[in-house]
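Below is one structure, written out as structure tokens; the observations come after it.
Just follow the structure's listing: the first ligand is 1, and inside any ligand the first atom is 1. Numbering starts at 1 and runs along the sequence shown. Given the structure is predicted, the values throughout are model-derived calculations rather than measurements.
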Amino acid sequence: MKKIWSLVASVGLVLGITGCGATTQPTPNISNSANPAPEAGDLVFVSLPNEEDERWTRDGAELRRVITEAGYKVDLSFAENKIDRQNTEIENAITKGAKIMVIAAKNGTSLVSSVDKARAAGIKVIAYDRLIMDTSAVDYYLSFKLETIGQAQAQYIIDKLGLAKGEKGPFNVELFSGSSDDNNAKFYFRGAWELLQPYFANGTLVSPSNRVNENFSAEQWQSISIDSWKLENAQKEMEIRLSKYDEGRTALHAVLSPSDAISQGVINALRDSSFSQWKPGSEQWPWITGQDATNYALYNINQNLQGQTVWKDTRELANKTAEVCIQILEGETVSTDSSMNNNVLDVPSVFLDSVPITKTGESDAPGTQPVQFVIDSGFTTAEQLKQY
Ligand code: GAL
């Protein structure tokens, strides 16, 4: 065990979370007779929402790598965005004797029965990136600071349209939120709306589709959701909204998109529309935000099709998660510096920082970096950004 721990420590995974209000959750002593001491090679089950979005295949590969390198077995599965499938796979993993489950829920409120069974079997459950709601059977939650991501997206739009400098517009914008079954989506939108709402209230921002108006509230975020964060769903919704626009006339100045897949759907709809006012590459093309720093989004940013993305270094998230897994398996104390309520309990949580990305790093959103920054970190390569 010591050997494994020193391996983990040596690759820089020492838990460094202190800060005010830090809470420490002693993990139960897993070497008592009811819970025999874990052996190296214990199984960690990882369940991710789907394999079609680059976001999740990348997380899966990284989780598998770091947990395996620490000497544990990993069973990795993707739920194809199907609730039943994710529940069944969780139940199968209980039978296979998993000691820990790392789960990014397809639907945050639909895993109660399976994770309750996991808890009853003595398995620790870690909510990965997305919080699992409505159950006491979640031990830890690891993600990124959620509202900050929405704020960075809104800040980009405010900056590009010159709103803080007093530009009065009115500017036409379309706002989207993420999947209605993902707790994250609410917080991303809340962060964004807090900054954009005043401009809707004074008429500087308007939405030709009328999906959002000056009376909108953050609580209504699900009315502008894109189911499963899917590109095709975003494209379809954008096409519907474009029916409120006129050929050659109604401008579109900016689009608040909460994730790169949604941005790509919006870009496809704009590109495929016959309207002449926003030809790709023209000055009339809207400022479009995103999240995840996927290769296709970084490519789009380099091509001036997407303006911004928010990079969550998911290698860091995977490493933190592996570290928590190992601490649990070793009977060590797991430290968390935050918590998030899932309607049943305050789940001990860790929230990492994200980095807004634009083509050259220009933007008022604090900490914005250029695409090159992501390449320099080794998260992707210049070569991979030439492929689209
Ligand atoms: C969210 C996640 C985003 C994005 C999205 C699409 O839960 O926080 O970063 O990946 O899912 O899968």
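Tested against D292, the residues T314, I149, D260 include a single side chain to side chain contact (heavy atoms under 4.5 Å, CB included) partner, D260. Of the options D353, V350, L317, a side chain to side chain contact (heavy atoms under 4.5 Å, CB included) to F144 is made by L317 and by none of the others.
Looking at K117 and E91, their side chains come closer than 4.5 Å, going by heavy atoms from C-beta outward.
With W221 as the aromatic partner, K186 does not meet the cation-pi criteria of under 6.0 angstrom to the ring centre and within 45 degrees of the ring axis.
Within 4.0 Å of ligand 1, counting heavy atoms only, the contacting residues are R55, W56, D129, R130, D182, N184, Y188, W229, Q291, D292, K312.
For an aromatic pair to be called close, the ring centres must be under 6.0 Å apart, and F351 with Y141 satisfies this.
V355 forms part of a hydrophobic cluster together with L298, I301, W311, I357, V371, F373, V374, I375, F379, L385, judged by ILVMFWY side-chain heavy-atom separations under 4.5 Å.
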